[in-house]
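Presented below is the structure to which this report refers.
Bear in mind that the values here come from a model prediction, so they are computed numbers and not experimental data.
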Amino acid sequence: MVPVKEIVSKSILRKYKKIESWFLTFYGMNLYRGCAHNCVYCDGRSEKYQVDGEFGEDVIVKINAIDLLRRELDSKRKRIPFKQGYVGVGGGVGDSYQPVEKKYELTRKTLHILYEKKFPVHVLTKSTLVKRDIDILKKINEQNRAIVSMSFSSADDKISSLFEPRVPSPSERLETIRFLKGEGIACGMYLMPVIPFITDTPEQIENTVKKAKNAGVDFIIFSGMTLKEGRQKNYFMEVIHKNYLDLVVDYHNIYKSNKWGSPIETYHNSIYQTFNIISRRFKVPQRIPPHLFSDLLSENDLVVVILEHIDYFMKMQGKKSPYGYAAYSISQLKEPLSKMKSDLKSIRGVGSFTEKIILEILETGISSYYEKLLLG
Ligand code: SF4
């Protein structure tokens with residue numbers, strides 16, 4: 001067990017400025033800071049996130065998280081009602097089902113509160129410990145909805161043992177997805193990050209997508225790896241030097257120093273293309289599909305999410321897209337779109353075609369154009 005430090009936190013719930021269309025959340029939380037899973041590529045290690053101590057070795061437990069959450073979710077104390085959408089549990093700077101959870105059970109208690117308060121929940125984890133909470137996840141799912149997503153860098157157990165040294169193997173994670181699906185819970189795979197030149201090859205991606213499909217995932221969301229200068233990059237490159245010396249130059253060629261640590265565009269585009277072709281071949285949605293959210297969101301947020309998803313597919317095809325901008329403008333509106341039907345083009349970024357998409361969503365709850373992009 002890694003050293004654990006208990007702290008009293010000032011707040012727990014993080015609210016986003018607009019709905020997060022990768023996860024369909026308005027709210028998220030980090031119950032723990034730092035992560036004993038110690039994935040080599042973890043960007044929680046970057047100085048940007050200000051996680052105290054040695055990342056992977058020290059874990060901070062927000063000991064008052066449950067009291068805080070009860071208070072922050074008390075609707076009587078709020079002037080503005082809570083936004084509709086999933087509440088995100090996990091991700092960020094520490095896995096909510098890392099080993100300390102066995103003792104503290106902050107995640108389990110959080111799920112109980114979210115059930116009492118009738119929120120839908122989206123859990124993101126790499127740990128099979130999530131199975132422990134199947135009783136409460138099923139209750140949430142029956143009442144509202146629950147999604148459990150597991151993150152992977154590949155489905156290759158051997159590679160994972162080097163880059164994700166303290167995490168259950170991909171085979172065990174896939175087995176967990178099978179189990180959850182058998183219990184009626186929707187499951188996603190976050191295939192992020194793929195590790196350049198190691199798990200981003202067509203063979204590796206195909207192997208991962210195929211296994212995910214066989215396990216029954218409802219969607220796979222894909223992303224490349226960022227390497228921020230400083231702790232994160234140094235730690236990661238040390239492992240590459242030791243184990244893949246011949247790749248060092250390739251890494252230098254794609255990671256030029258920039259604030260976000262993102263790889264160069266040509267590399268980024270090529271891995272997305274590979275994933276796009278393979279996921280379409282296996283008919284796996286690359287975004288959370290509408291049947292998991294269309295009845296949960298306000299009409300404006302439904303439009304925002306669908307436009308952002310369309311934006312993703314446009315950019316994937318190398319096309320310019322006005323949809324992201326239009327989505328952002330809509331996310332800032334106070335008025336429901338259904339009251340502005342004749343005036344939609346006054347919204348920044350909304351042209352004739354976007355107007356047509358919005359009207360169809362308002363009328364039917366879905367966009368046929370979007371559905372074609374998602375599954376076509
Ligand atoms: S499980 Fe997630 S948060 Fe934990 S070390 Fe791995 S990537 Fe980071």
Side-chain angles (χ1 to χ4, degrees), residues 16 18-26 83-86 88 120 122 145 147 149 186-192 209 212-213 217-223 269 272-273 275-333 336-376:
Y16 309 122
K18 54 184 270 307
I19 189 151
E20 220 298 325
S21 66
W22 287 49
F23 296 92
L24 302 178
T25 49
F26 260 112
K83 298 277 196 178
Q84 295 163 247
Y86 290 88
H122 188 173
R145 194 163 294 140
I147 302 177
S149 293
C187 288
M189 170 186 271
Y190 282 73
L191 178 49
M192 56 170 69
V209 172
K213 170 92 182 180
V217 292
D218 294 274
F219 59 91
I220 303 179
I221 293 185
F222 176 88
S223 175
N269 292 347
Y272 269 84
Q273 279 314 323
F275 173 69
N276 187 28
I277 292 166
I278 294 170
S279 63
R280 284 186 187 282
R281 192 163 2 108
F282 284 91
K283 298 203 179 316
V284 184
Q286 298 172 39
R287 283 292 178 261
I288 301 180
H291 72 271
L292 293 175
F293 65 85
S294 55
D295 56 341
L296 282 182
L297 306 182
S298 72
E299 61 182 37
N300 285 24
D301 289 327
L302 179 61
V303 170
V304 168
V305 169
I306 292 179
L307 291 182
E308 285 197 353
H309 286 187
I310 294 175
D311 185 68
Y312 163 83
F313 288 113
M314 290 285 112
K315 288 186 176 149
M316 177 83 87
Q317 293 168 16
K319 293 181 183 159
K320 281 208 169 127
S321 159
Y323 302 105
Y325 184 43
Y328 179 76
S329 306
I330 293 166
S331 74
Q332 303 303 301
L333 295 175
L337 286 165
S338 52
K339 289 200 176 150
M340 307 176 59
K341 276 186 183 171
S342 57
D343 203 19
L344 291 173
K345 283 208 248 171
S346 68
I347 302 167
R348 283 184 187 188
V350 176
S352 302
F353 194 63
T354 312
E355 179 192 39
K356 220 170 117 193
I357 293 172
I358 297 172
L359 288 172
E360 189 188 352
I361 299 171
L362 293 177
E363 221 159 274
T364 66
I366 192 61
S367 147
S368 41
Y369 179 65
Y370 167 57
E371 283 194 311
K372 252 187 245 150
L373 288 170
L374 187 68
L375 297 167

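One N or O on the side chain of R145 and one on the backbone of L292 form a donor-acceptor pair closer than 3.5 Å. No donor-acceptor distance shorter than 3.5 angstrom exists from the side chain of H122 to the backbone of Y86, with no hydrogens or angles considered. No donor-acceptor pair closer than 3.5 Å links the side chain of E360 to the backbone N or O of S367. Counting only distance, with no hydrogens or angles, the side chain of K83 and the backbone of F26 share no donor-acceptor pair below 3.5 Å.
Atom NZ of K356 has 12 or fewer heavy atoms from other residues, nucleotides or ligands within 6.0 Å. Environment of OH in Y16: crowded, with over 12 heavy atoms of neighbouring residues, nucleotides or ligands closer than 6.0 Å.
Atom CG of L337 is separated from atom CD1 of I347 by 5.0 Å, given to the nearest 0.5 angstrom. Distance CG/D311 to CG/L373: 11.0 Å, rounded to 0.5 Å. The structure places CD1 of I306 at 9.5 Å from CD1 of I357, a figure rounded to the nearest 0.5 Å. Of the inter-residue distances, the one linking K18 atom NZ with D301 atom CG reads 9.0 Å to the nearest 0.5 angstrom. Atom CG of L302 sits about 11.0 Å away from atom CD1 of I358, to the nearest 0.5 Å. In this structure, the separation between CD1 on I330 and CD1 on I19 is 13.0 Å, given to the nearest 0.5 Å.
G188 and V217 make their closest contact through C-CG1, 4.3 Å (heavy atoms, listed as atom of the first residue, atom of the second, distance). Taking both residues in full, the closest heavy atoms of M314 and S321 are given as CB-CB, 3.6 Å, listed atom of the first, atom of the second, then distance. The two residues V304 and S331 make their nearest non-hydrogen contact at CG2-N, 3.7 Å. The heavy-atom pair separating G365 from S294 by the smallest distance is O-CB, 4.0 Å. The minimum heavy-atom distance linking P120 with G85 is given by the pair CG-O, 3.5 Å. Minimum heavy-atom separation, W22 to Y190: O-OH, 2.7 Å.
Residues F219 and C187 form no side-chain contact, since every pair of their non-hydrogen atoms from C-beta on lies 4.5 Å or further apart. Between I288 and S149, the closest side-chain pair of non-hydrogen atoms is not below 4.5 Å. By the 4.5 Å heavy-atom criterion applied to side chains, I221 and M189 are not counted as neighbours. The shortest distance between side-chain heavy atoms of P289 and L374 falls below 4.5 Å. Q332 places none of its side-chain heavy atoms less than 4.5 Å from the side chain of R348. S279 is not listed as a side-chain neighbour of I220, based on a closest heavy-atom distance of 4.5 Å or more.
Legend: residues meeting ring-ring contact (aromatic ring centres under 6.0 Å, His included) with Y323, ordered by chain and number and at least two apart, are absent. In this view, E355 and L344, K345, V350, L359 satisfy the side-chain contact (heavy atoms from CB on, under 4.5 Å) rule, not counting sequence neighbours. Residues satisfying the ring-ring contact (aromatic ring centres under 6.0 Å, His included) test with Y369, not counting sequence neighbours, are F353. Under the rule for a ring-ring contact (aromatic ring centres under 6.0 Å, His included), the partners of F275 that lie at least two apart in sequence or sit in another chain are F222. Legend: residues meeting side-chain contact (heavy atoms from CB on, under 4.5 Å) with N276, ordered by chain and number and at least two apart, are Q273, R280, Q286, M316. Checked against ring-ring contact (aromatic ring centres under 6.0 Å, His included), Y370 has the following partners two or more places apart in sequence or in another chain: H309.
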